[in-house]
Chemist: 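Attaching a single structure in structure tokens format; questions to follow.
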Amino acid sequence: MKRIRVTGNRRISGLALASVLLGGAFTPRASEAQSSAPRLQEAIDVAETHGDCVSAVKAFEEIAKVSDRSLAARALLYAGRCYERLGRMQAAEVYQRLLDRFPEQRRYADEARGRLSRLTGRMPNGGGLPALLFARAIDVPGQPYCVAITSGGREAYVSHNLNQAVTVIDTATNTISGSIAVGAYCSAMRVSADGARVYLNCYPETGLRIIDTATRSVRTVEVGGPARGIAISPDGKSVYVAAGEGGLRKLDVATGAVSVIPGKGYALDVAVTPDGRRLWVSYQGGEPGGRPGHDPIAVFDTETRKRLHLILGLPYVGGPVAITPDGSRVWTHAWDACTRPTYDHLGCPAGATTLIHVIDATTAKLLETLQPSGDGANISFLFGGKLVSLSTGEKLLFLETRTKAPVAAAAGALV
């Protein structure tokens, strides 16, 4: 079974920005007496000169709340530009917000309108959410499999099906800036919040591959098995690894120590809640407590490492796990639980080819089961969780997360 995963991690620039960021210019509740114009210029410098859009966009969003309409509109425009550079669909949302709130600010509204028209289409169901339609193609060798974008939006890392290396792309020029030999065929990637490291799944190789982005050097940390699934804690201090037969492991980033989170079974994927308090783990192979075609899903407390919930009986072959940005829902792909002849298909809807289970993150109770077309796996939440994209093997399917209503998107869309 082939896994498809797209990650969107971002990079924060290095220590050169520390004096700017620690100077208080970006404190969310800065005094109203402080002039907004200098704050806006500092944010523009951080974005344009230093390339740190992650830090700058927070300032732009805050400045957009001031009473000076010209400054607020300009801040929103720069926020939209930053989101574009980061590859985030929030760009279209911000441009529309500028047009709705500040139509009289012609200079900024005209640019926002032009950028919006290039980026988006309108949902036929009137949902008001823009969908990104087109993206530029970049030729890379070796069948690109997964892409991770660093937080400043200045670099992208690409793994390959036919190349034991990771390609580095300069996003400013859309050209290849380097290639990093990793000694294995790698797929899924996660980038640390500070952009210092890229963590790689290089199945069937054992261990967790780690790229130092400053030196582009590679090392391997043994975790008791292949790094089938990777999740980074919100504070960046821990990396959780679903290590196949090695179970669930935790890497302490500061010390490099690897510890075991107790539990049985072949751990396939792992996700951490936005508050960092819970781990959701999908298993294959029937353990713990499952059976063929009905693999278990477990929930662990990250502090005590105790298992809180064990979900059994669903038609499920452990697949990718994704948690909504608000932490309220868990979506997981059931793979071929309803199509493989050797499974009993109990609980499968008539004619179902693939399933997405939507689970309440607090109670661990199944809320509903979706039947998207195709056989893909990746689940990505967009617009702060308002929109979800599902890779179906042949295309991307967009749904409104709340209503599950499909959203039209052009062929070849890229999220």
Side-chain angles (χ1 to χ4, degrees), residues 8-116 119 130 132 149-156 171-172 191-196 213 234-236 274 325-326 382-386:
N9 305 84
R10 312 293 187 231
R11 178 179 182 178
I12 297 176
S13 298
L15 296 177
L17 296 182
S19 61
V20 176
L21 300 182
L22 296 177
F26 303 112
T27 302
R29 300 301 179 192
S31 170
E32 289 296 324
Q34 183 179 3
S35 172
S36 297
R39 292 175 59 215
L40 177 58
Q41 188 57 55
E42 286 184 15
I44 292 171
D45 289 343
V46 169
E48 301 295 327
T49 303
H50 299 286
D52 185 3
C53 267
V54 168
S55 298
V57 77
K58 296 176 183 178
F60 292 140
E61 290 278 16
E62 189 64 29
I63 295 168
K65 301 174 184 178
V66 302
S67 58
D68 187 313
R69 296 181 65 80
S70 177
L71 274 175
R74 189 183 182 202
L76 278 181
L77 181 63
Y78 274 97
R81 289 179 179 178
C82 266
Y83 282 129
E84 279 194 71
R85 289 177 61 183
L86 293 170
R88 297 180 184 174
M89 292 180 68
Q90 287 100 315
E93 189 177 34
V94 168
Y95 292 141
Q96 187 61 57
R97 198 190 328 159
L98 191 160
L99 292 172
D100 292 341
R101 290 177 55 193
F102 307 108
E104 81 285 358
Q105 300 296 322
R106 295 291 299 276
R107 175 183 174 184
Y108 308 122
D110 287 347
E111 181 175 344
R113 187 175 295 105
R115 287 178 175 271
L116 184 63
L119 283 176
L132 185 62
I149 302 173
T150 57
S151 64
R154 303 182 74 173
E155 287 184 332
T171 59
V191 181
S192 62
D194 62 4
T213 58
D235 61 12
D326 65 3
L382 312 165
F383 290 105
K386 296 179 181 178

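Remember, predicted model here, so these are calculated numbers, not experimental data.
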Chemist: Going from CZ on R39 to CG on L71, what distance comes out if it is rounded to the nearest 0.5 angstrom?
Modeler: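 It comes to 10.0 Å.
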
Chemist: Looking at every heavy atom in both P103 and R106, which two are closest together, and how far apart are they?
Modeler: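 Looks like O-CD, 3.8 Å.
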
Chemist: Looking only at non-hydrogen atoms, find the nearest pair between A196 and S192 and report the distance.
Modeler: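 Looking at all heavy atoms of both residues, the shortest contact is N-OG, 3.2 Å.
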
Chemist: Using a 4.5 Å cut-off on heavy atoms from C-beta on, say whether the side chain of L76 contacts that of E61.
Modeler: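 They are in contact (side-chain heavy atoms under 4.5 Å apart), so the answer is yes.
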
Chemist: In the structure I gave you, are the side-chain heavy atoms of L40 and F60 within less than 4.5 Å of one another anywhere?
Modeler: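 They are in contact (side-chain heavy atoms under 4.5 Å apart), so the answer is yes.
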
Chemist: Is there a side-chain contact between R74 and Q105 (heavy atoms, below 4.5 Å)?
Modeler: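 No - every pair of side-chain heavy atoms lies 4.5 Å or more apart.
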
Chemist: What residues form a side chain to side chain donor-acceptor pair (under 3.5 Å) with Q41, not counting sequence neighbours?
Modeler: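 Result, side chain to side chain donor-acceptor pair (under 3.5 Å) vs Q41: D45.
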
Chemist: So, are E111 and R107 salt-bridged, with charged N and O less than 4.0 Å apart?
Modeler: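 No, E111 and R107 are not salt-bridged.
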
Chemist: Counting only N and O atoms by type, is there a donor-acceptor contact under 3.5 Å from the side chain of R81 to the main-chain atoms of A91?
Modeler: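 Checking the backbone N and O of A91 against the side chain of R81, no donor-acceptor pair under 3.5 Å is found.
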
Chemist: At what distance, to the nearest 0.5 angstrom, does CD of E48 lie from SG of C82?
Modeler: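 Result: 7.0 Å between the selected atoms.
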
Chemist: Taking C-beta and beyond as the side chain, do D52 and V54 meet within less than 4.5 Å on heavy atoms?
Modeler: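 Yes, their side chains come closer than 4.5 Å.
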
Chemist: Give the minimum heavy-atom separation between G195 and T213, together with the two atoms involved.
Modeler: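 Looking at all heavy atoms of both residues, the closest pair is O-OG1, 2.6 Å.
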
Chemist: Which atom pair, heavy atoms only, marks the closest approach of V94 to A79?
Modeler: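 Distance-wise, the nearest heavy atoms are CG1-CB, 4.2 Å.
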
Chemist: Taking NZ, NE, NH1 and NH2 as the nitrogens, is one of them in R69 or E104 under 4.0 Å from a carboxylate oxygen of the other?
Modeler: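 Salt bridge between R69 and E104, a charged N being under 4.0 Å from a carboxylate O: yes.
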
Chemist: Which distance, rounded to the nearest 0.5 Å, do you find between the CD of E42 and the CD1 of I63?
Modeler: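 Rounded to the nearest 0.5 Å, the CD-CD1 separation comes out at 8.5 Å.
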
Chemist: Looking only at heavy atoms, which two atoms of L98 and A109 are closest? And how far apart?
Modeler: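 Heavy-atom minimum between the residues: CD2-CA, 3.7 Å.
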
Chemist: Identify whether the distance between the nearest side-chain nitrogen and carboxylate oxygen of R97 and D100 falls below 4.0 Å.
Modeler: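 No, no charged N to carboxylate O under 4.0 Å.
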
Chemist: If you take all heavy atoms of A47 and C53, which pair is closest and at what distance?
Modeler: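 Nearest pair, atom of A47 first, then C53: CB-SG, 4.2 Å.
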
Chemist: Would you check if E84 and Y95 make a side-chain contact, meaning some heavy-atom pair closer than 4.5 Å?
Modeler: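 In contact.
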
Chemist: Answer whether the closest heavy-atom distance between the side chains of Y78 and V57 falls below 4.5 Å.
Modeler: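 Counting from C-beta outward, Y78 and V57 never come under 4.5 Å.
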
Chemist: Considering only heavy atoms from C-beta outward, does the side chain of S70 approach that of Y108 to under 4.5 Å?
Modeler: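 Yes; the side chains approach each other to less than 4.5 Å.
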
